[in-house]
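See below for the structure under consideration.
Just so you know, these numbers use all the heavy atoms, side chains as well, and skip hydrogens, waters and symmetry mates.
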Number of protein chains: 2
Amino acid sequence: MLEELQAQLKADFNIAFNKPTLLVEAFTQGNYLNEHPHFGGRDYQRLEFLGDSVMQLSTAEYLFKKYPLWDEGRLTELRIAMVQTRSFAYLARELAFDKYILLGHGEELNGARNRDSLLEDVWEAFIGALYLDQGHATVQAFLQQQMFKKIDEGFFDQFIDYKSKLQELLQKRGSVQIKYQKLSETESGTDNSQIFKVAVEVNRQVLAMGSGSSIKNAEKMAARLAYQQLQQK
Amino acid sequence: MLEELQAQLKADFNIAFNKPTLLVEAFTQGNYLNEHPHFGGRDYQRLEFLGDSVMQLSTAEYLFKKYPLWDEGRLTELRIAMVQTRSFAYLARELAFDKYILLGHGEELNGARNRDSLLEDVWEAFIGALYLDQGHATVQAFLQQQMFKKIDEGFFDQFIDYKSKLQELLQKRGSVQIKYQKLSETESGTDNSQIFKVAVEVNRQVLAMGSGSSIKNAEKMAARLAYQQLQQK
């Protein structure tokens, strides 16, 4: 498995590990070692301990520099959305990390290979190994390409509960009535799926409109747009 | 205040900021800015956001390398003891950071200058400023001198609840009866203060002994010694 992963890292990110054993350690789950006593080496947990902090700092530093005008509240909010289980599991799957994990037999039968929590652990362990082997600058470049560029695509918005955030923000400004109003429901031309359009109103004034494949998604989009507009004021 | 702080950093740590405004920002509390509208600049909160993650990674990396044989549980335990409010407040006071803070008038009257939570914030903001201005290696060297060398002196043990940890560890090995037994109470020669000596027993077998200026402190020391002995087995 090692050769394939190394080839992928070289091709996609121009990364070549000096100590490939670090890479193996990052992908080795504890029970695999119990079942293969002659395999040697360690499981990923120490690297995960290190990589967890690397992810925190790399993300904090990136956001700090990218958004010089944001206060610490906004920075923290986006960092929390980025540095969390579902986000790391997505990023790990995108690089097919799941297929490289050396997993115990019992865990395999239990379906652990596709579990978000395992993919999060392995992602952090990989980042810890990359940091030790290649240093901070390479980690930043890797994350820029694999993770940070997704900020501008709005990828991490899905991990923020904008309906709650909008409510909190509006309630700070006094008691308000927030209402989500369905405006329309149309069939998209291509695949017969439906598109819903929703407006979010406060005290009968429209703040923003959103659309989506379900009413819930349309409401989330409307809430996000309203929240972001109000924050800029 | 800036000149004195800069002189101290130069004398004690050979650190000279390239951008002294970063240093000012790290020591400026929000209400001070409200009260001095022509002061310009920012409060410490963005730097605190960054410095919080720098402290996490710097400490994790140091422990990871210093204790190659520790598992992630022990590493995490010591990191939690090191990276927390009381620890940071102590380190900040040791460098007299409290006297440099530009504090709002109301906070001054409320005694905020000597509050652990404010000192923690300013410590993290200072570390964030140092990281931006001087880079990772200088932060590590500064922390080595001011913080990490205290590990071997047992300084951070005070922030670990060893009585609870000992109980957890022993209970993992089956039901046990833990008893703290006072052995003696003597007056120290110099200042008439008392010294207590305590043994911690499990199922009537003495695990370790501790001494201290109170029974509570003697018990904590006994628990720590017992816990550390058991962990090495």
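Of the inter-residue distances, the one linking F64(B) atom CZ with L50(A) atom CG reads 5.5 Å to the nearest 0.5 angstrom. We find the CG-CZ distance between L69(A) and R42(B) to be 6.5 Å, quoted to the nearest 0.5 Å. Between L57(A) atom CG and Y131(B) atom OH the span is 4.5 Å, to the nearest 0.5 Å.
Taking a 6.0 Å sphere around NZ of K19(B), one finds it holds 12 or fewer heavy atoms contributed by other residues, nucleotides or ligands. More than 12 heavy atoms of other residues, nucleotides or ligands shown are found within 6.0 angstrom of CD on E153(B).
Within the 4.5 angstrom heavy-atom criterion, atoms from both the backbone and the side chain of L47(B) approach chain A. Heavy-atom distances place the backbone of Y67(B), and not its side chain, under 4.5 Å from chain A. For a residue to count as touching a neighbouring chain, one of its non-hydrogen atoms must lie under 4.5 Å from one of that chain's; by this rule D43(A) does not touch chain B.
For chain B, the option among R46(A), Q56(A), E61(A) with the highest count of heavy-atom pairs below 4.5 Å is R46(A). Counting heavy-atom pairs under 4.5 Å between each of R79(B), K65(B), H136(B) and chain A puts R79(B) at the top.
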